[in-house]
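Here the structure is a predicted model, which means the values were calculated and not measured.
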Amino acid sequence: MTEQETPAIEQARGGEERGPDADAEQNARRDLREELSEQKKRSRISARNLDALYADTVIGGDDIGGASHRATDGGTVNAPGRDQYIFGWSQEDKAVHTVSVPARDVGLVRRCHAATRSYGTLVRRLRDEHVLLLRGEPYSGQPTTALAALAHWTGDDARLAWLHLRRDPLPLVAADLRDATGYLLMAGDDAAWSGHADQMLGHLCKVAERAGARIVVLADPEFSEHDRVVEHDPPPLDDVFANWLVHELYEGGEAHPRERAGKTAADELVREKLAGYRRPREARALALRVAAGLLRGRSVSDILEGLPEQRRVRARNLLTKDTPRRARSFLIASSVLRGSAAAVVATQTLRLATLIEEELARQTTVEQPRRHHVWEWLTDWTRDTGVRVEETGRGGDGQVVEFDEPPMAGSILRVVWEEQPTIHEPLLTWLRQLTEDQQFDTRMKAAEAIGLLATYDFLSVRNRFLEVWRDSDRIERRELAAWALASAARDPQVQPRVFECLRQWAHSGRRAQSVVIRTYGSWLGAHRVDEALSVLGAIARTSGYILSDSVARAVSQIHQLGAGATSLHEAENAEVPENTRRIITALVEWSADPESKGLHRAAALAFVRLLASPDAIRIIDLAGDSGAAPDLVTLWRHILDKAVPRESDPALTPEAWSLLGDWLVRWETDAGVRQVLTKVLTRLRTDLQTSLAFRLRLWRRTGKIDANLAARLSEITEGI
């Protein structure tokens with residue numbers, strides 16, 4: 001028996017010429033738009049929740065770590081720190097891949113890196129030597145130093161790339177280095193590298209010389225001695241901080257960025273903070289946070305007080321043994337269910353406290369004294385915790401629980417997990433129970449908290465939760481797996497594990513594929529739009545009709561979320577025309593695939609959702625783009641073609657007619673819309689002409705269009 005995905009809100013179906021049925025048409029459109037609005041609301045809740053849970057996470061590695069770039073043959077490299085993870089290749093067995101580093105990223109490195117002795121040595125030796133090896137400790141700034149030196153040599157920020165070899169360098173030929181002049185390469189840790197360094201480096205040198213390229217190999221301190229080795233000097237963290245602070249202040253519009261950065265870097269509190277750091281990534285992260293605070297008018301002391309490590313100290317103090325157990329349980333429950341109704345949080349507090357008490361009783365053989373029943377008040381639990389119970393301002397919604405400082409939610413969960421192992425088991429049991437709650441937002445928040453715990457032990461969470469949810473016959477369970485995976489991916493160090501999981505599940509049956517679809521239909525797909533569209537297209541191509549609705553919903557979710565903002569909450573409302581354009585291009589390709597009915601169906605359903613979404617203005621704006629307009633014509637014809645019944649099959653996209661009416665309202669005022677629709681409606685098929693004629697009469701009666709426009713549209717459809 002084939003798996004059935006939960007359909008979108010049921011749409012009005014049926015024949016075309018059954019008389020004026022404006023109510024049914026409006027209901028179908030309203031149902032879809034209500035669904036899309038609810039989808040946007042849920043995305044907003046998830047974005048705020050993840051921003052709070054992961055506020056402590058240091059995003060990025062040295063300076064380019066954590067970046068994701070497109071490869072020459074369709075893959076992507078994700079480089080958290082010094083670890084590269086490559087996925088999505090079109091040819092799994094290809095020995096050599098090159099991944100261009102965006103010119104913007106190279107420019108940032110060139111402007112913000114802290115020059116060191118090893119940088120100077122690389123710059124000097126790269127004038128004459130084609131291959132050098134930079135040897136140093138992981139997370140000490142190697143990629144940044146190497147990129148800065150290569151950028152100095154090339155003089156062109158657009159000519160640098162990562163070089164990825166699946167095995168040793170011997171298969172590399174000069175033709176592989178055609179797309180750039182400067183390359184970064186990670187030295188392998190296998191016997192081929194460690195035992196034959198002369199051979200490996202010698203071959204690289206010959207190939208680079210033929211191609212006129214330069215290659216810097218990054219290696220661990222244990223790499224054998226060699227005359228091509230340059231010892232890496234970690235950059236002074238004060239300089240890293242100052243350089244990035246100048247850049248961020250300048251970009252933020254500060255009138256005198258260098259002067260203000262100098263004063264800030266000399267601040268005693270800042271110097272004390274930097275003295276406790278060991279990695280360039282930490283100094284860079286501090287600079288970004290300080291710059292953001294200064295640009296908002298905050299003082300240095302206030303900014304530093306809000307740093308993740310300070311929040312953890314406060315969280316640790318709140319969770320001490322001196323704090324009553326139920327008050328501690330309330331803090332944990334509030335961290336997971338932040339923003340939920342106070343009654344819900346209080347109920348779940350008692351459940352968690354009971355589980356913890358039962359676990360502690362099992363862990364001790366000492367008879368515990370009988371406890372007197374104590375009447376507890378919610379205000380007792382919130383006193384001096386930074387948690388408040390507040391009115392929502394909406395009648396009937398009661399009170400909700402919020403943190404004065406939302407990122408404390410993630411800090412408390414991290415401290416609990418890292419420092420209180422005795423309650424791991426009751427915490428996991430409680431979270432599992434929460435994922436079975438009837439309330440959508442409770443289930444989602446619990447799953448995202450489990451995703452946070454996956455950043456500590458991914459394999460355990462995968463075995464205990466993710467795979468169980470994946471194999472469930474209930475879609476609600478598979479949604480949990482998707483939320484947890486998207487949550488775990490917020491940590492750059494865990495992203496490779498998440499992508500590996502998604503890669504495997506994309507080929508593991510319909511239920512696993514539905515999890516993959518939902519995971520990409522999140523912030524992850526919005527920030528990895530090319531990979532998301534590629535994977536979603538592959539699933540739609542092979543799954544036929546079964547998963548095409550889910551694929552379409554994921555595409556519309558990606559479009560709603562956008563990308564490129566500094567936080568998920570900001571990304572939600574960001575204007576991202578490049579994502580819109582990429583999605584439209586992909587849908588055109590899907591609609592043109594002659595071999596796959598699933599892709600045809602997914603393309604039509606997705607485009608209807610884009611047109612009906614709260615962000616439909618992005619599509620309308622593209623109508624005035626001469627490069628995008630032909631694609632819109634293609635997709636409009638595609639959805640109109642599927643808007644009429646076929647023999648015994650109902651119309652797939654009846655909403656297309658209502659959406660067409662909405663666009664026609666813009667006929668006189670929007671030249672782009674007018675030009676697109678003129679081409680769409682010219683010489684329609686007979687059955688489409690009949691359907692349109694009925695709607696033109698309906699729209700004239702309701703006043704949506706006037707008689708002159710109706711007559712003109714009739715002429716266009718008949719080719720007059």
Would you call Lys704 and Asp662 a salt bridge, taking side-chain N to carboxylate O under 4.0 Å as the test? yes

Whether the side chain of Gln495 engages the backbone of Ala489 through a donor-acceptor N/O pair (distance < 3.5 Å, no angle test) should be reported. yes

Compute both the distance and the angle, then confirm whether Arg528 meets the cation-pi test with Tyr520: under 6.0 Å from the six-membered ring centre, within 45 degrees of the axis. no

Check this for me: Arg637, atom CZ, are more than 12 non-hydrogen atoms of other residues, nucleotides or ligands nearer than 6.0 Å? yes

Euclidean distance, Leu50 CG relative to Glu448 CD, rounded to 0.5 Å: 4.0 Å

Indicate yes or no: at least one non-hydrogen side-chain atom of Ile558 is less than 4.5 angstrom from one of Ile583. yes

Nearest heavy-atom contact between Val608 and Ile639 is CG2-CG2, 4.0 Å

Quick one: does any side-chain atom of Ser37 pair with a main-chain N or O of Arg33 as donor and acceptor, under 3.5 Å? yes

So, Thr653 side chain and Glu655 main chain: donor-acceptor pair closer than 3.5 Å or not? no

Lys/Arg-Asp/Glu bridge criterion (N-O < 4.0 Å) met for Glu668, Arg674: no

Hey, mind stepping through Leu610 and Ile584 against side chain to side chain contact (heavy atoms under 4.5 Å, CB included) and telling me if it holds? CA-CA 9 Å; Leu610 298 189; Ile584 292 298; 4.1 Å; yes

Test side chain to side chain contact (heavy atoms under 4.5 Å, CB included) on Asp706 and Arg700; report intermediate values, then the result. CA-CA 6 Å; Asp706 59 28; Arg700 279 185 57 194; over 6 Å; no

Ala602 to Ala540 - nearest heavy-atom pair and separation: CB-CB, 4.2 Å

Any donor-acceptor pair under 3.5 Å from Arg338 side chain to Arg48 backbone: yes

Are Thr682 and Thr717 packed together at the side-chain level, in the sense that at least one heavy-atom pair is separated by less than 4.5 angstrom? no

Sequence neighbours excluded, the answer for side-chain contact (heavy atoms from CB on, under 4.5 Å) partners of Asp670 is Ile620, Arg666, Val673

Taking all atoms of both residues into account, what is the closest heavy-atom pair of Gly521 and Gln557, and its distance? O-CG, 2.7 Å

Minimal non-hydrogen separation, Pro630 against Ser626, with atom names: CD-O, 3.3 Å

Give, for atom CZ of Arg477 and atom OG of Ser514, the distance between the pair rounded to the nearest 0.5 Å. 13.0 Å

With rounding to the nearest 0.5 Å, note down the distance linking CG in Leu681 to CG in Leu696. 8.5 Å

Picking from Ile517, Ile539, Val516, what satisfies side-chain contact (heavy atoms from CB on, under 4.5 Å) with Ser550? Ile517

In the structure I gave you, are the side-chain heavy atoms of Arg518 and Arg553 within less than 4.5 Å of one another anywhere? yes

Would Arg541 count as a cation-pi partner of Trp590, with NZ or CZ less than 6.0 Å from the six-membered ring centre and within 45° of the ring normal? no

Taking the side chain from His600 and the backbone from Ser591, do they hold a donor-acceptor pair closer than 3.5 Å? yes

Before you tell me yes or no, could you show the steps for Asn49 and Asp441 under side chain to side chain contact (heavy atoms under 4.5 Å, CB included), namely the whole-Å CA-CA distance, both residues' side-chain angles and the distance that decides it to 0.1 Å? CA-CA 10 Å; Asn49 193 48; Asp441 61 339; over 6 Å; no

Could you give the distance from CG (Leu536) to OG (Ser543), rounded to the nearest 0.5 Å? 10.5 Å

Can you check whether Leu692's main-chain N or O pairs, donor with acceptor, with Trp657's side chain at less than 3.5 Å? no

Can Thr580 and His559 be said to form a side chain to side chain donor-acceptor pair (under 3.5 Å), step by step? CA-CA 6 Å; Thr580 301; His559 181 252; 3.1 Å; yes

Is any side-chain heavy atom of Thr435 less than 4.5 Å from a side-chain heavy atom of Trp483? no

Does a salt bridge link Lys642 with Asp687, judged by any charged N lying under 4.0 Å from a carboxylate O? no

At their closest point, which heavy atom of Gly537 faces which heavy atom of Leu599, and how far apart are they? O-CD2, 3.5 Å

Just by distance, with hydrogens left out, do Glu718 and Gln689 show a side-chain donor and acceptor under 3.5 Å apart? no

Give, for atom CG of Leu632 and atom CD of Gln675, the distance between the pair rounded to the nearest 0.5 Å. 12.0 Å

Side chains of Leu466 and Trp505: does their closest heavy-atom pair fall under 4.5 Å? yes

Would you please test Asp621 and Arg618 for side chain to side chain contact (heavy atoms under 4.5 Å, CB included) and show each step? CA-CA 5 Å; Asp621 288 344; Arg618 298 184 193 174; 5.6 Å; no

Note: Lys40-Asp615 ion pair, threshold 4.0 Å (strictly below): yes

Output, in order, the C-alpha distance, side-chain angles, deciding distance and verdict of side chain to side chain donor-acceptor pair (under 3.5 Å) for Ser613 and Gln560. CA-CA 8 Å; Ser613 77; Gln560 279 191 0; 5.0 Å; no

Decide salt bridge (Lys or Arg N to Asp or Glu O under 4.0 Å) for Arg511 and Asp473; before the verdict, give the C-alpha distance in whole Å, the side-chain angles of both, and the deciding distance to 0.1 Å. CA-CA 8 Å; Arg511 293 179 180 177; Asp473 59 358; 5.0 Å; no

Determine whether Leu533 and Thr585 make a side-chain contact, defined as any pair of heavy atoms from C-beta on separated by less than 4.5 Å. no

So how far is it from Arg695 CZ to Arg697 CZ, rounded to the nearest 0.5 Å? 10.5 Å

Indicate the atoms forming the closest heavy-atom contact of Val344 with Thr442, along with that distance. CG1-OG1, 4.4 Å

Among all residues two or more places apart in sequence or in another chain, which pass the side-chain hydrogen bond (donor to acceptor under 3.5 Å, both in side chains) test with Gln504? Arg462, Glu500

In sequence, state the C-alpha distance, the side-chain angles, and the governing distance for Arg510 and Gln513, and then conclude on side chain to side chain donor-acceptor pair (under 3.5 Å). CA-CA 5 Å; Arg510 298 291 183 257; Gln513 287 176 331; 3.1 Å; yes

So, applying side-chain contact (heavy atoms from CB on, under 4.5 Å) with Val680, which one of Thr634, Val633, Leu635 is it? Val633

Any salt bridge between Arg581 and Asp631, counting N to O under 4.0 Å? yes

Holding to side-chain hydrogen bond (donor to acceptor under 3.5 Å, both in side chains), I want the full list of residues that pass it with Ser340, two or more places apart in sequence or in another chain. Lys445

Compare all side-chain heavy atoms of Trp667 with those of Ile705 and state whether any distance is below 4.5 angstrom. no

Can you confirm whether Val676 sits close enough to Leu622 that some side-chain heavy atom of one is under 4.5 Å from a side-chain heavy atom of the other? no

Are the side chain of Arg443 and the backbone of Asp437 linked by a donor-acceptor contact shorter than 3.5 Å? yes

